[in-house]
Amino acid sequence: QVQLVESGGGLVQAGGSLRLSCAASGRTFSTYAMGYAMGWFRQAPGKVREFVGAITWSGGRTYDADSVKGRFTISRDTANNTVYLQMNSLEPEDTAVYYCAAGAYVGTMTRTHNYDYWGQGTQVTVSS
């Protein structure tokens, strides 16, 4: 079993920055994750959950949604089983609950149903 816990959300003014963390745990997480990508998604009220970006656990290759390209950066710390989402130049449209997820193959990482595990989410609110 894998557990994911997000943190780092909060209220920020437009143009500001936040860094989200996703701490993964479980006895065999590092072994489990080697063949998969870790993803970040977000869900605004009344909207479907959308892909934000992902990173491959083994090689650290990143993929970003067009809506956040150039503003958000994903990274990972394999020693501490943690994935980060650095969010810069935040806009009110970025307001959402942000989730991390584990277990998708790179070819299917943009789709929520391809992930095995999800965190509980962390709220990000960007004021104008």
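A donor-acceptor contact shorter than 3.5 Å links the side chain of Glu6 to the backbone of Gln120. Side-chain N or O atoms of Arg61 include none that pairs as donor or acceptor with a backbone N or O of Thr56 at under 3.5 Å. A side-chain donor-acceptor contact under 3.5 Å links Thr95 to the backbone of Val126.
What you find for Leu18 and Leu90 is that their closest heavy atoms are N-CD1, 3.9 Å. Counting all heavy atoms, side chain and backbone alike, Met38 lies closest to Ala102 at SD-CB, 3.4 Å.
Residues passing the side-chain contact (heavy atoms from CB on, under 4.5 Å) test with Thr62 are Ile55, Ile74, sequence neighbours excluded. For Tyr32, the ring pair (Phe, Tyr, Trp, His ring centres under 6.0 Å) partners at least two apart in sequence or on another chain are Tyr36, Tyr117. Gln123 meets the side-chain hydrogen bond (donor to acceptor under 3.5 Å, both in side chains) test with Thr125; sequence neighbours excluded. In this view, Thr73 and Gln86 satisfy the side-chain contact (heavy atoms from CB on, under 4.5 Å) rule, not counting sequence neighbours. For Ala23, the side-chain contact (heavy atoms from CB on, under 4.5 Å) partners are Thr82, not counting sequence neighbours. Under the rule for a side-chain hydrogen bond (donor to acceptor under 3.5 Å, both in side chains), the partners of Asn80 that lie at least two apart in sequence or sit in another chain are Asp77. The side-chain hydrogen bond (donor to acceptor under 3.5 Å, both in side chains) check on Gln43 picks up Arg49, with sequence neighbours excluded.
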Checking Asn114 against Tyr105 for the side chain to side chain contact (heavy atoms under 4.5 Å, CB included) test, could you report, in this order, the C-alpha distance in whole Å, the side-chain angles of both residues, the deciding distance, and whether it holds?
CA-CA 8 Å; Asn114 289 311; Tyr105 293 110; over 6 Å; no

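Ring centroids of Phe29 and Trp57 are separated by less than 6.0 Å, placing the two rings close together.
Screening residues 108-118 for salt bridge (charged side-chain N to carboxylate O under 4.0 Å, His left out) gives no qualifying pairs among residues at least two apart or on separate chains. The stretch residues 31-43 participates, sequence neighbours left out, in these salt bridge (charged side-chain N to carboxylate O under 4.0 Å, His left out) pairs: Arg42-Glu50, Arg42-Asp94. Annotation: side-chain hydrogen bond (donor to acceptor under 3.5 Å, both in side chains) contacts involving residues 9-22, sequence neighbours excluded, comprise Ser17-Asn88.
Hydrophobic cluster membership for Trp118: Phe41, Phe51, Tyr63, Val97, Tyr99, Val106, Met109, Tyr115 (Ile, Leu, Val, Met, Phe, Trp, Tyr linked by side-chain heavy atoms under 4.5 Å, directly or transitively). Here Val5 sits alone; no ILVMFWY side chain lies under 4.5 Å from its own, so it joins no hydrophobic cluster.
Counting heavy-atom neighbours within 6.0 Å of Lys47 NZ, excluding the residue itself, gives a total of 12 or less.
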